[in-house]
Amino acid sequence: MRILITGAAGFLGSHLCDRLLADGHEVVGLDNFITGNPDNIAHLMGNPKFSFQRHDVSNYIFVQGKVDAVMHFASPASPNPQSPSGYFNLPIQTMKAGALGTHNCLGVARANNARFLLASTSEIYGDPLVHPQTEDYPGNVDPVGPRAVYDEAKRFAESLTMAYHRYHGVDTRIVRIFNTYGPRMDLEDGRALPNLLKQALLGQPLTVYGDGSQTRSFCYVDDLVEGIVTLLYSNEHLPVNIGNQHEMSILQFAETINRITGNKGGITFVKDARSIRDPQQRRPDITRARTILKWEPKVSLDEGIHKTIPYFKKKLGLA
Ligand code: NAD
Ligand code: UDP
């Protein structure tokens, strides 16, 4: 296939480019670098099966030649208010990437009779009242709350995707991605893994927001990419959760990072703006992925953190 990947210079987009090229496909990457990094795809430049367009998905997208699949990953993704690349600080761009960007990408898919895959998120469940989250749970999102620009853009994107599927017959897929980590994450984007692993490698105390009792489950990027690619190759049109089910409190997560890195800096509890409306519990129910895609994650948290450390050390000048 010839596959258009938006957000190609980002953390997940760049890993998807690698995987789909390895599977023998041709990839057209598209990105405006608002939160991504050209370094993430530098190794692909010169590959005859890879081409790149610098472009904002909120504007009309033109791709020369035939496209067989469109994967829409372009969007700011960090919820950290302190980070300039967090969606709190890019509110309009985030809503445009989810709304106008999804519309443009669906237009490319429809014009090419191509399949389409939307990168949605566990955030569409908001601060969930059902645990673990199944795909039929409609969520608990405040449309004017602190995370609304991201959550509502993704919810709109899912609705628009289903409208193109039901009304225009576009061959669509929706993946609801849960917290994922690995090499090529932006060390400065303020998400839990980059913040805490960076602090641990520098021998600093880890900043746990609130009392650290809020839970997440962290998926290693290779597992996630395998799930997404399997979904792309499938015929499933309804949303599918992809993530790891190993749920833990953020305090336990921080303790794990300190144990693995041997950090003696300890943990400091920070009263952060994020403590307000920080989703308290999150874990995917992956029954649908297990049943329909025969997929489940394989990489343990310890193994995944070990695989991520060399990248972080290099970026921090420690290796
Ligand atoms: P990222 O910030 O590393 O990647 C996003 C990429 O999209 C960046 O390269 C950025 O420059 C690009 N981009 C943003 N707006 C754009 C625009 N208007 N036009 C063109 N390019 C644009 O983030 P990520 O973690 O790789 O996330 C990728 C996708 O996966 C996002 O859609 C995000 O919502 C989704 N997601 C990620 C996670 C996760 O844990 N990483 C969880 C749930 C959903
Ligand atoms: N978190 C934290 N310390 C940090 C960064 C994040 O305690 O330095 C917490 C944050 O409050 C949230 C969890 O870790 O409860 C996961 O945060 P992340 O930014 O990775 O994404 P989220 O799951 O909130 O979208």
Side-chain angles (χ1 to χ4, degrees), residues 5-16 29-38 40-41 53-59 61 71-83 85-87 90 92-102 104-105 118-124 127 147 150-151 153-154 157 175-182 184-186 189-199 205-219 221 224 228 241-243 249-251 253-254 257 267-270 272-282:
I5 302 181
T6 74
F11 163 47
L12 298 182
S14 63
H15 282 281
L16 266 178
L30 189 150
D31 206 295
N32 67 352
F33 301 126
I34 190 170
T35 62
N37 187 341
N40 289 339
I41 47 169
Q53 289 185 27
R54 183 171 187 160
H55 183 74
D56 182 336
V57 288
S58 309
N59 299 321
I61 300 169
M71 303 181 79
H72 182 34
F73 278 70
S75 170
S78 167
N80 201 306
Q82 272 115 44
S83 159
S85 61
Y87 52 71
L90 301 167
I92 317 292
Q93 292 94 328
T94 301
M95 295 218 75
K96 285 171 81 175
L100 307 180
T102 303
N104 290 327
C105 288
L118 173 70
S120 185
T121 166
S122 53
E123 287 285 329
I124 66 101
D127 191 3
R147 291 178 176 235
Y150 182 68
D151 300 6
K154 292 287 186 182
V175 57
R176 290 186 180 152
I177 302 168
F178 283 66
N179 296 66
T180 301
Y181 68 98
R184 297 192 197 145
M185 282 191 103
D186 176 0
D189 84 2
R191 286 188 262 190
L193 184 284
N195 261 13
L196 303 181
L197 186 54
K198 185 179 61 185
Q199 291 159 354
L206 307 200
T207 54
V208 166
Y209 298 158
D211 64 4
S213 64
Q214 69 274 28
T215 69
R216 297 292 188 273
S217 51
F218 293 89
C219 186
V221 63
L224 183 93
I228 291 174
N241 291 337
I242 298 283
S249 70
I250 292 302
L251 179 57
F253 182 58
I257 291 178
I267 286 170
T268 173
F269 293 91
V270 176
D272 184 79
R274 285 189 59 178
S275 310
I276 305 157
R277 297 265 169 122
D278 197 1
Q280 289 305 297
Q281 266 193 317
R282 186 185 291 156

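Just so it is clear, the model here is predicted, and its values are computed rather than measured. Ligands are counted one by one from 1 in listed order, and the atoms in each one are counted from 1 as well.
Contact annotation for Y150 and ligand 1: only side-chain heavy atoms (C-beta onward) come within less than 4.0 Å of the ligand. Residue Q214 touches ligand 2 through its side chain alone, judged by heavy-atom distances below 4.0 Å. At a 4.0 Å heavy-atom cut-off, ligand 1 does not touch Q93 at all. Proximity of K154 to ligand 1, defined as any heavy-atom pair under 4.0 Å, is confined to the side chain (atoms from C-beta onward). Contacts between A192 and ligand 2, counted as non-hydrogen atom pairs separated by less than 4.0 Å, involve both the backbone and the side chain. Contacts between F33 and ligand 1 below 4.0 angstrom, taking non-hydrogen atoms only, involve the backbone exclusively. Only the backbone of N179 comes within 4.0 Å of ligand 1, judged by heavy-atom distances. By the criterion of a heavy-atom distance under 4.0 Å, neither the backbone nor the side chain of Q280 is placed next to ligand 2.
Listed by number with element, the atoms of ligand 1 under 4.0 Å from a non-hydrogen atom of R191 are 23 (O), 24 (P), 25 (O), 39 (C), 40 (O), 41 (N). Here is the list of ligand 2 atoms found below 4.0 Å of a heavy atom in N195: 4 (C), 5 (C), 8 (O). Residue V208 has at least one heavy-atom neighbour below 4.0 Å for each of these atoms of ligand 2: 7 (O). Close approach of ligand 2 to T207 (heavy-atom distance below 4.0 Å) involves ligand atoms 2 (C), 3 (N), 4 (C), 7 (O), 8 (O).
Checked by atom type, the side-chain pair S58/D56 shows a donor-acceptor distance below 3.5 Å.
Nearest to atom 44 (C) of ligand 1 by heavy-atom distance, out of A119, A77, S120, is S120.
At the shortest separation from atom 31 (C) of ligand 1 among protein heavy atoms lies F73 O, 3.2 Å.
The aromatic rings of Y181 and F218 stand perpendicular to each other, their planes meeting at an angle above 60°, with 30° marking the opposite boundary.
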